[in-house]
Amino acid sequence: MPLQFYDTRKRRKIPFKPLTAGRVKMYTCGPTVYKDATIGNFRTYMFEDLLRRTLQFLGYEVTQVMNITDVDDKTIREAHSLEVPLSDITEPVIKRFFRDIDSLKIEHAEYYPRATDYIPEMIELIKRLLDNGNAYIMDTNVYYSIASFPEYGRLSGMKLDKLERGVRINADEYEKEDFRDFALWKGWTEEDGDIWWESPWGRGRPGWHIECSALSMKFLGEEFDLHTGGVDNIFPHHENEIAQSVAATGKSFARHWMHSAHLMVEGEKMSKSLGNDYTLKSLREKVEGKGYYFSIAAFRLALLSTHYRKPLDFSVEDFLVENRLALVRLWLLRNAAELAILDGGIRPEIEIAIENAQTHFKSALEDDLNISASLASLFILVTEVNRLKSVRGLTKSEGKRLLEQWREFDKVLGVLFWDEEDEEDEELQSKIEVKVRERLRARLERRFDDADRIRDELKGNGYQLDDGKDETVVIWSGGRKIVKNKINNS
RNA sequence: GGCGGCGUAGCCAAGUGGCUAAGGCGGAGGUCUGCAAAACCUCUAUUCAUCGGUUCGAGUCCGAUCGCCGCCUCCA
């Protein structure tokens, strides 16, 4: 099957062909760093991670840009109210942003340009728009004139004359020629304090939309392959980006637009007033507050396993019981493969099962990132391997072959290999190990009541024990740990 | 009001014209086991929000209805 993605503009799946064969240039709208990213933001970043990893898996060389908006109304408001420099607000948030995406194993983009580092590029772009007659100066502000761009509204399906004057328009913006025009450059006002840049139109700062146009052109060129973001960005943000970019360059800008649906919490939109605008940190606290282990791997799987165009209704309760168990099933295949001890070749049934899984995994991804079908192919492989394993254990070469394939799948999924080294809490780990050894000793001494009590206690906390001949494998949704049985003999 | 999306088993979730409707979680029974866990085997949607229509044939196309959701100027 040829690779195809849904395109927001065409409203259907279309074959994906990059401008340069084998290379994909993608632009992904990044965070505004005035407060920590929410799990809703991460849903979008996870979608982009899946897209990126899938393209790489299919052999494309990917160049991804994610902007960091480190100056806008909200960052300025924060800085102003706390009476601190802008960077005091943005720097810590940026630091935590990277910490969070790393813990989710979201691969890094090639470039993370910050808006404040590219003000000259934005000014340059605004100049071109003024020269082309697509923008006008009003007092100290520069506005984009929507009337000058006939194609406005094509991405979102908005009809210009149907746009109603929104309720959120500031009084000071009524001076625009047309209420639908948007700011390219905002002149300095008192609230901005010392946050301003010099421009041909006086001191001020760039509007939000111009940032993405300038940065994508800077790093990817005036035409590139993919532009992505959350659905809420379709209008007006991406519509405006197209208007600015196409008007300035005469080129088509992004060729393919992809947008991820929102994440809902317990059936409701995430919002501050409902108190469900979880960050990774507050979600962890919520889960741990209920007495559960917070599995970041299970959370990654939860975000990953719903198709990106379908709203994901995240429920803390469901999350606690569901994904971690599915994850363990996948992890156990790795156990089986690593612990294979038999001599001999690879059974044809295993080879066929692996090839089937590989084929279906790949073709599902090629069909607009059909992750559910991809994951299903893994579970089918697990079942088949387990069946054959119960007939006769796995050979070392089968184990090796399975591990190889598992690594291959994990290039896309990023959830199959989650080791104890990924678990931050060392204290927790040693506590588990002590318990496991206690139980091993009890078993050897045939004090089965004691052994069972310990096992039940661990299980109650989400740790599952797998008794092997030479070792006990502890598996939980945060990782796994192998304790050698012989340690216990000393 | 305008534009768009979604509604498949107890729960999550694939399937967009044609073999018996993937897969996961949960549940029931069995095998194995010191006992378990895991694993394996069997079972768990005559039916795809509802009602019409097109078709030899529809969850899948068309229309209507109901329900949920998003965007409509700076929220991923």
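Residue numbers start from 1 in every chain, and the chains themselves are labelled A, B, ... in the order their sequence lines are given, proteins ahead of strands.
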Residue among Tyr118(A), Tyr27(A), Tyr111(A) satisfying side-chain hydrogen bond (donor to acceptor under 3.5 Å, both in side chains) with Asn67(A):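 When Tyr118(A), Tyr27(A), Tyr111(A) are each tested with Asn67(A), the side-chain hydrogen bond (donor to acceptor under 3.5 Å, both in side chains) holds only for Tyr27(A).
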
Side-chain N,O (Asn370(A)) to OP1/OP2 (G15(B)) below 4.0 Å: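 Asn370(A) to G15(B) OP1/OP2: side-chain N or O found under 4.0 Å.
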
Short side-chain N/O contact from Arg392(A) to OP1 or OP2 of A39(B), under 4.0 Å: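 So the side-chain polar atoms of Arg392(A) never come under 4.0 Å of the phosphate oxygens OP1 or OP2 of A39(B).
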
[atom1] gap between [N] and [M], integer Å:
N: G7(B); M: C51(B); atom1: C1'; answer: 16 Å
N: U65(B); M: C56(B); atom1: C1'; answer: 29 Å
N: C11(B); M: A38(B); atom1: C1'; answer: 23 Å
N: G59(B); M: G18(B); atom1: P; answer: 10 Å
N: U50(B); M: C41(B); atom1: C1'; answer: 40 Å
N: C69(B); M: G26(B); atom1: C1'; answer: 27 Å
N: G52(B); M: U16(B); atom1: P; answer: 26 Å
N: A21(B); M: U46(B); atom1: P; answer: 11 Å

Closest non-hydrogen atom pair, Leu50(A) against Ile371(A): CD1-CD1, 4.1 Å

Determine the contact category for [X]: base if any of its heavy atoms lies under 4.0 Å from a base atom, sugar-phosphate if only primed atoms, P, OP1 or OP2 are that close, otherwise nothing.
X: His209(A); value: nothing
X: Ile371(A); value: nothing
X: His237(A); value: nothing
X: Ile234(A); value: nothing
X: Asn386(A); value: sugar-phosphate
X: Ser315(A); value: nothing
X: Lys269(A); value: base
X: Met264(A); value: sugar-phosphate
X: Leu375(A); value: nothing
X: Phe379(A); value: sugar-phosphate

Leu378(A) side chain reached by Trp406(A) side chain, heavy atoms, under 4.5 Å: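 Of all side-chain heavy-atom pairs linking Leu378(A) with Trp406(A), at least one is under 4.5 Å.
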
Phe97(A) ring center within less than 6.0 Å of Tyr45(A) ring center: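 They qualify: ring centres under 6.0 Å apart.
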
Tyr278(A)-Phe314(A) aromatic ring centre distance below 6.0 Å: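 For Tyr278(A) and Phe314(A), the ring centres are not under 6.0 Å apart.
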
Counter-base of G1(B), judged by Watson-Crick or G-U geometry with both distances under 3.5 Å: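 Matched G1(B) with C72(B) under the 3.5 Å cut-off.
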
Rounded distance (Å) that lies between atom P of C71(B) and atom CG of Leu155(A): 16 Å

